[in-house]
Amino acid sequence: AAKANGRACYRFYDEEMNARAVEQLKMEEELRDAMRNDELELRYQPQVDTRTGEVVSMEALVRWKHPERGMVSPLEFIPVAERTGQIIELGEWVLAEVGRHCHYWDAMGLKPFRVCINISPLQFNQSNLPQWISEFLKRSGLAPERLELELTESAIMNDAQTNIEKLAQLKKLGLELAVDDFGTGYSSLSYLKRFPIDTLKIDQSFVADLYRPDGAAIVDAIIALSKTLNLRVIAEGIEDREQLEYLVTRGCDLLQGFYFSHPIYPEDVPDMLRHDFSADLQIEQTNASLN
Ligand code: C2E
Ligand code: MG
Ligand code: MG
Ligand code: MG
C-alpha cells in the first residue's frame, strides 16, 4: 500500500509540475504580448527622510494590467521573466519609462529627487550592465546621481570577488547603489565593507517582525552595521505608527511603506513630492518603545 501510495503521490507531483510548466509557458507568451501592447505600467512609492519629513526618493515598481486578469503582481511575473530571460527586455522598458517620467517631472520644475530601480539577478549578471546604464544616462541626459539601482543581496554576494569590480564600474558612472531585501541573504561582512555601495535596505519581513524581540534585534543590528560602514539605511514595509516610531528612534535614515503611501501613479508624484511628513515623524520620547 505504501508503495502504491508513493507512486500515486509521485504522479500527482508530476502532474502538478507539468501544470506549472504549462502555466509558465502561458505567462511567458502573455508577457511577450504585454510588452508589445503597452500593458505594463510603473508606479512610484515615496521614501521619506526621517530627519526632515521630506520625500527624497521614489522606488519605481512595475505593474501588469492584464486584459482579463486585471492587475497582476510583479511577485507573479518577475520570477517568470527572470527564468525566461524576458527580464532583460522588461528592464529596458522600465529604464526607458523612468527616463520619460523624469523628463516630464523636470519640465514641471519639480525639485530633483532620486528614482530607485530594481535590478534582478539576471540583469545584474549581464556583463554589459554598466555599459547599458551608461548609454541610458547619455541618451536621457539624466544626472547620474538621480538614479539608484536596487540590487539583491544574493546577486551581489554570489561571486563577490568579481562583483566588486562590476559595482565599481557602476559607481564610476556616478549613480547610487542599494542592497535590497538586506538581511535575507548571506552577506559576508568583509565583502560588504569592500563593496562600493551607498544604501542598505532592511527587508520588510524584519519590519513586520518588529514586535518580536528577535525581529527588533535584527533591525538594530542592520542599523548599527550601516552606521559602522557609513551607509544610508532605509526600512521598507512601514505600515503602522509603532514601526515608524521604533525606526525613527533607532536612527533609520529613510522610511518607505503603506503608512506613508502606497505606490502611486506618475501623475501623482508632483503632489507627493510637495507633501511634508514631518508631523508624522514627531514622536514623544516616552512612546518610543515597542515593549
Ligand atoms: P521590492 O523591491 O522589495 O519592493 C517592495 C515591495 O513591497 C513592493 O511590492 C511594494 O509595493 C511593497 N510594499 C511597499 N510598502 C509596503 C507595506 O507597507 N507593506 C507591504 N506588505 N508591502 C509593501 P511590489 O510592487 O508587488 O513588488 C514586488 C517585488 O517585485 C519587488 O520587491 C521587486 O523585487 C520586484 N519588482 C517590482 N518592480 C520591478 C522591476 O521594475 N524590475 C524588477 N527586476 N523587479 C521588480
Ligand atoms: Mg526594491
Ligand atoms: Mg525590498
Ligand atoms: Mg522584497
Side-chain angles (χ1 to χ4, degrees), residues 31 34-35 39-48 55 57-66 70-101 114-126 129 132-133 136 147-156 176-185 197-210 219 222 232-244 246-247 252 254-266 272 280:
L31 195 53
M35 288 194 272
E39 286 167 24
L40 300 181
E41 293 178 5
L42 287 186
R43 298 286 185 274
Y44 292 88
Q45 190 177 32
Q47 303 181 337
V48 177
V55 174
S57 38
M58 298 266 181
E59 178 175 11
L61 295 158
V62 71
R63 299 285 177 266
W64 178 5
K65 217 170 167 182
H66 192 283
M71 280 296 176
V72 184
S73 161
L75 294 173
E76 266 187 73
F77 64 88
I78 293 285
V80 174
E82 177 80 4
R83 277 197 295 273
T84 61
Q86 289 171 305
I87 192 75
I88 302 301
E89 192 184 339
L90 194 149
E92 281 169 7
W93 178 85
V94 169
L95 203 53
E97 192 72 352
V98 163
R100 205 170 65 81
H101 289 151
R114 255 192 324 272
V115 178
C116 310
I117 293 183
N118 291 286
I119 302 288
S120 80
L122 189 75
Q123 285 177 288
F124 181 70
N125 289 330
Q126 302 293 302
L129 178 75
W132 173 59
I133 301 277
F136 164 76
L147 197 63
E148 181 159 66
L149 305 185
E150 294 193 359
L151 311 163
T152 69
E153 188 181 7
S154 48
I156 60 170
E176 302 276 294
L177 298 175
V179 184
D180 203 356
D181 303 339
F182 189 78
T184 59
I197 51 173
D198 306 284
T199 307
L200 292 184
K201 199 164 186 187
I202 302 172
D203 189 65
Q204 57 190 43
S205 62
F206 302 122
V207 174
D209 266 1
L210 264 183
V219 167
I222 298 177
R232 191 190 294 134
V233 59
I234 172 166
E236 64 181 335
I238 318 303
E239 293 184 355
D240 62 42
R241 186 80 213 151
E242 283 73 21
Q243 292 165 336
L244 174 146
Y246 188 85
L247 289 157
C252 193
L254 297 171
L255 300 178
Q256 174 184 354
F258 297 164
Y259 180 86
F260 299 99
S261 168
H262 279 256
I264 57 174
Y265 288 91
M272 181 56 71
D280 292 289

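As the structure is a prediction and not an experimental result, all values here were calculated from the model. Computation of the quantities below employed the complete heavy-atom set of this structure, encompassing side-chain atoms and omitting hydrogens, waters and symmetry-equivalent molecules. By convention here, the first residue in the shown sequence is residue 1. Both ligands and their constituent atoms are indexed starting at 1 by order of listing.
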J.: Does Ile117 reach the side chain of Glu150, with side-chain heavy atoms less than 4.5 Å apart?
T.: no
J.: Need the atom name: nearest N/O/S atom of Glu236 to the Mg ion (ligand 3).
T.: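 Sorting the N, O and S atoms of Glu236 by distance to the Mg ion (ligand 3) puts OE2 first.
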J.: In terms of relative ring orientation, are Phe258 and His262 parallel, tilted or perpendicular, with 30° and 60° separating the classes?
T.: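 Ring orientation, 0 to 90° scale: parallel.
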J.: Quick check on Glu82 - does any of its heavy atoms sit under 4.0 Å from an atom of ligand 1?
T.: no
J.: Are any non-hydrogen side-chain atoms of Gln256 and Glu59 less than 4.5 angstrom apart?
T.: yes
J.: Which atom name does Glu59 have for its N/O/S atom nearest to the Mg ion (ligand 2)?
T.: OE2
J.: Pair Arg63, Glu41 - check salt bridge (charged side-chain N to carboxylate O under 4.0 Å, His left out), show working.
T.: CA-CA 5 Å; Arg63 299 285 177 266; Glu41 293 178 5; over 6 Å; no
J.: Considering only heavy atoms of Gln45, which atoms of ligand 1 have at least one such atom less than 4.0 Å away?
T.: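 Counting atoms of ligand 1 from 1, those under 4.0 Å from Gln45 are 14 (C), 15 (N).
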J.: Verify, without hydrogens or angle tests, whether Gln86 (side chain) and Glu82 (backbone) share a donor-acceptor contact under 3.5 angstrom.
T.: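 A pair under 3.5 Å: no.
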J.: Measure from the Mg ion (ligand 3) to each N, O or S atom of Asp180 and report whether any distance is below 2.8 Å.
T.: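 True for Asp180.
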J.: Indicate yes or no: does an N/O atom of Leu75 lie under 3.5 Å from an N/O atom of ligand 1?
T.: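 N/O-N/O distance below 3.5 Å does not exist for this pair.
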J.: Have a look at ligand 1 and work out which part of Asp180, if any, has a heavy atom under 4.0 Å from it: side chain, backbone, both or neither.
T.: side chain
J.: Specify side chain, backbone, both or neither for Val62, according to which of its non-hydrogen atoms lie closer than 4.0 Å to ligand 1.
T.: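 Both backbone and side chain of Val62 come within 4.0 Å of ligand 1.
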J.: Between Glu236 and ligand 1, which residue portion shows a heavy-atom distance shorter than 4.0 Å: side chain, backbone, both, or neither?
T.: side chain
J.: Ignoring angles and geometry beyond distance, decide whether Leu61 reaches within less than 3.5 Å of ligand 1 through its nitrogen or oxygen atoms.
T.: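 Between Leu61 and ligand 1, no N or O pair is found under 3.5 Å apart.
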J.: I'd like to know: is the Mg ion (ligand 2) within the 2.8 Å range of an N/O/S atom from Glu150, strictly under that distance?
T.: yes
J.: Provide the full list of salt bridge (charged side-chain N to carboxylate O under 4.0 Å, His left out) pairs with a residue in residues 86-101, sequence neighbours left out, each pair given once.
T.: Glu97-Arg100
J.: Does Arg43 make a cation-pi contact with Tyr265, if we ask for NZ or CZ under 6.0 Å from the ring centre and within 45° of the axis?
T.: yes
J.: Looking only at N, O or S atoms in Asp181, which is nearest to the Mg ion (ligand 3)?
T.: OD1
J.: To the nearest 0.5 Å, tell me how far Asp180 CG sits from Glu153 CD.
T.: 10.0 Å
J.: Going by atom types only, do Glu148 and Ser57 share a side-chain donor-acceptor pair under 3.5 Å?
T.: no
J.: Measure the distances from the heavy atoms of Glu59 to every atom of ligand 1 and state whether one is below 4.0 angstrom.
T.: yes
J.: N/O to N/O below 3.5 Å, does that happen between Gln256 and ligand 1?
T.: no
J.: Check contact between Gln123 and ligand 1, using heavy atoms of the residue and a distance below 4.0 angstrom.
T.: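 Gln123: in contact with ligand 1 (<4.0 Å).
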